[in-house]
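Following: one structure in structure tokens, then a few remarks.
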Amino acid sequence: MNPSTNALPPRRLLLIGWDAADWQVIHPLLDAGEMRTLQRLIEGGVMGNLASLSPMLSPILWTSIATGKRAYAHGVQGFVEPLPDRSGLRPVGTRNRKCKALWNILSQAGRSSVVCGWLASHPAEPIRGAMLSNLFAVPQTDVEPSDWRVAEGSVQPATFAKELGELRVHPSEIEPSLLQQLIPRAAELDQTNPFVQRALLFLAQRLSEVISLHAAATELLERETWDLGAVYYECIDQVGHAFMPFHPPRLPEVAEPDFEFFKDVMRGVYRFHDLMLERLIQLAGPDAHVMIVSDHGFQSGELRPRKQVEPALWHRPQGIFVLHGPGIRADEMIEGASLLDIAPTALALLGLPIGEDMEGKVLANAFVEPPQVERIPSWEAVEGADGRLPKSLDPAEEDPAAAQAALHQLVELGYIPPVGDDTTRAIAHAEAEAEFNLAASLFEGGRFTESKKLLRGLTERYPDEARYWRILGQVCLSARTLDEAVPAVAALERLEPKRPTTSALKGLVAWSRDDLETCAAAFGEAEQIAPNDPTTQTYLGRLYLRQRRWADAERAFRRTLEIDPDSAEAHYGLSVALPRQDKIEEGIEHALYAVGLRHDFPEAHFQLGAVLSRRGWYDRAIQAFEITLRMRPGFVLAHRYLSKIHTHFGRLEKARQHREMADQLLAQGAQQPHVD
Ligand SMILES: [Zn+2]
């Protein structure tokens, strides 16, 4: 027997999901010593931003986290799906997921999981281990606590349902003292005021849900044997949508008394999660790896939406990532992590092979020693019991009351419109949204032709839906089919003449046609409409770069960063503009920020290489150019730089290879990307 196999520590991973958790909100709480458990994990482990995916909708994103795949590969495309007999809608769940989640993979590998509350996980799957679906803890306020049944299909093994169900806490059982943790002066609130009544009921429901889920999850983690513990908490997102407008600093439109009452709600919610985290970590034990992730962040400062908007506009593209445990570096920042990296990294931590069809990477820079990673073509091709349910409908597993409660919750949060009596219309709407989300995912994955096809169909059926036109315009720009963008611009000028996005799209089309005059006029118009819109400032910055107006570009990008300090685009822009004004070191710094905030950004890696080589740091420059080429093999200038550097060091064979690649690409008509 191989002794080193014996010496391997037990490989267990506790994966904790905090929907919408955001470093910009967390940092002040850490500084104030109010999240001590998280603080300990960070000090003994790694932390970083976690780049979200498009579209930024939670069920899609949590399925990407659990599968390592984008929406077009995993099949979860929205919040709701039609019932198989098309008599209504239900929350999306495991039945339409097209690929295996981590817990299915573990089942096949003979390992056990405890999965609790994961979004889009109903009905629970009969995996090796135990599973509670996200419908398990959804409160039903219209029934007495004694009549609150456990949703059919929400617990596996089903024999656990009764005793776990008894651990739930009904909204009517939430003690006032608990609400006082979130609203210290709750007793002074005018309880006859309908807004106050709604707010208190809403918080009682959210607390009921999170406490119930946590109670059942800790019970299972304590008594079951598991290799993967996956526990998901929706509370920060849900409460954020209602109470982040009251979070400090006070927004001008929030009245002083309201602010005073509700300013601590989010703080209280985060502190509560830190307490729950402490218990989870105890149960996991010191040998386990602990990973905390959020699917996206949440606007908390100046960028908070000021009007009623679609809830997804509150989401910020940077979620959180924390990893702690044996072999993980201590007290380090890691950069370039994306949602798609979670599943591969989890598999590596558990000592299981990665599927080549997973688009993400193992976050090797989190480890002291890079882990041995085994690869297989695809887990989908592995035969054997994976715990997934058959697609066909087993009516016993549909629970209309629980599904209704979950749907009602989605309506309340503004994620879906009220279903109403017109089922046909509601289904058509849900299907259109699913197609729209799929198109956004295909766009992000670079599959422009398929994306355009879906969007053309959608804009034909719904010519007044501006969002469909907006993204169609963007896809046409990326696909460089500019003529196809013209109808999109026209439709938006009709539907949304006074929005910066309309002017910006007009400007971008002109940009692609090298008509810089029209472009400047359109961007100027966008700036007039929304002087504080960071995206518009970024476009202006890009235009100034192209016009070689370095100081103007610098100003525009700095303005962006004042509003949105985590804008990868703006940091990239500065990494171009500053070296042109002989501020090389600062340029390097901003290039590093840019690739840190968004790893999948070949232009920024290229720019990093360019400034590093200007500074004479050739080894690191070579690395940056090689990353650029891995992301975009047709990047001619990266080949040119590499050829020059290798020539300089007398590595003539390598230099020749890159020179030939560059020539070959140019002969094939590769676009010289516009970089200075
Ligand atoms: Zn979310």
Side-chain angles (χ1 to χ4, degrees), residues 15-26 49-71 74 76-80 91-93 97 101 115-122 133-135 137-138 202 205-206 209-210 213 230-245 247 266 269-270 272-273 276 291-300 303-305 309-322 337-343 406-407 409-416 433-434 436-437 440-441 444 566:
L15 173 59
I16 299 164
W18 283 354
D19 201 304
D22 190 298
W23 286 129
Q24 290 182 353
V25 186
I26 292 174
N49 284 313
L50 189 63
S52 192
L53 299 172
S54 169
M56 250 193 285
L57 299 175
S58 304
I60 301 178
L61 299 173
W62 288 102
T63 309
S64 289
I65 291 173
T67 61
K69 296 183 179 175
R70 291 183 207 264
H74 67 52
V76 170
Q77 293 165 7
F79 288 94
V80 289
V92 283
R97 203 184 60 223
V115 182
C116 302
W118 209 263
L119 210 54
S121 73
H122 187 80
S133 85
N134 57 315
L135 261 56
V138 171
F202 174 79
Q205 287 171 343
R206 301 290 70 84
E209 184 168 358
V210 71
L213 194 272
V231 190
Y232 163 85
Y233 299 87
E234 195 171 7
C235 187
I236 292 172
D237 181 75
Q238 293 176 324
V239 178
H241 282 291
F243 288 93
M244 198 50 104
H247 192 68
M266 289 315 298
V269 165
Y270 272 96
F272 189 50
H273 281 70
M276 293 189 288
M291 194 192 284
I292 308 176
V293 296
S294 66
D295 54 339
H296 49 75
F298 209 85
Q299 298 295 359
S300 57
L303 284 176
R304 281 177 279 185
V309 290
E310 41 182 309
L313 292 180
W314 275 91
H315 298 166
R316 222 164 66 85
Q318 287 89 22
I320 69 163
F321 174 78
V322 175
S338 136
L339 241 56
L340 292 172
D341 304 334
I342 299 304
L407 283 181
Q409 197 160 297
L410 289 171
V411 173
E412 227 182 19
L413 291 165
Y415 279 123
I416 59 166
E433 285 300 294
F436 171 64
N437 293 334
S441 176
E444 191 182 57
D566 284 347

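One-based numbering along the sequence shown. Atoms within each ligand, like the ligands themselves, are counted from 1 in listed order.
Here the closest non-hydrogen pair linking S294 and A21 is OG-O, 2.7 Å.
A donor-acceptor pair shorter than 3.5 Å can be found between the side chains of D19 and W62.
With the Zn ion (ligand 1) as the vertex, OG of S58 and OD1 of D19 span 120° to the nearest 10°.
Distances from the Zn ion (ligand 1) show that D295 has an N/O/S atom below 2.8 Å. Distance check for H296 against the Zn ion (ligand 1): an N/O/S atom falls below 2.8 Å.
Remark: E209 pairs with A137, V138, P139, R206, E234, Q238, Q409 by the side chain to side chain contact (heavy atoms under 4.5 Å, CB included) rule, at least two apart or across chains. Partners of A71 under the side chain to side chain contact (heavy atoms under 4.5 Å, CB included) rule, at least two apart in sequence or in another chain, are I60, H74, S441.
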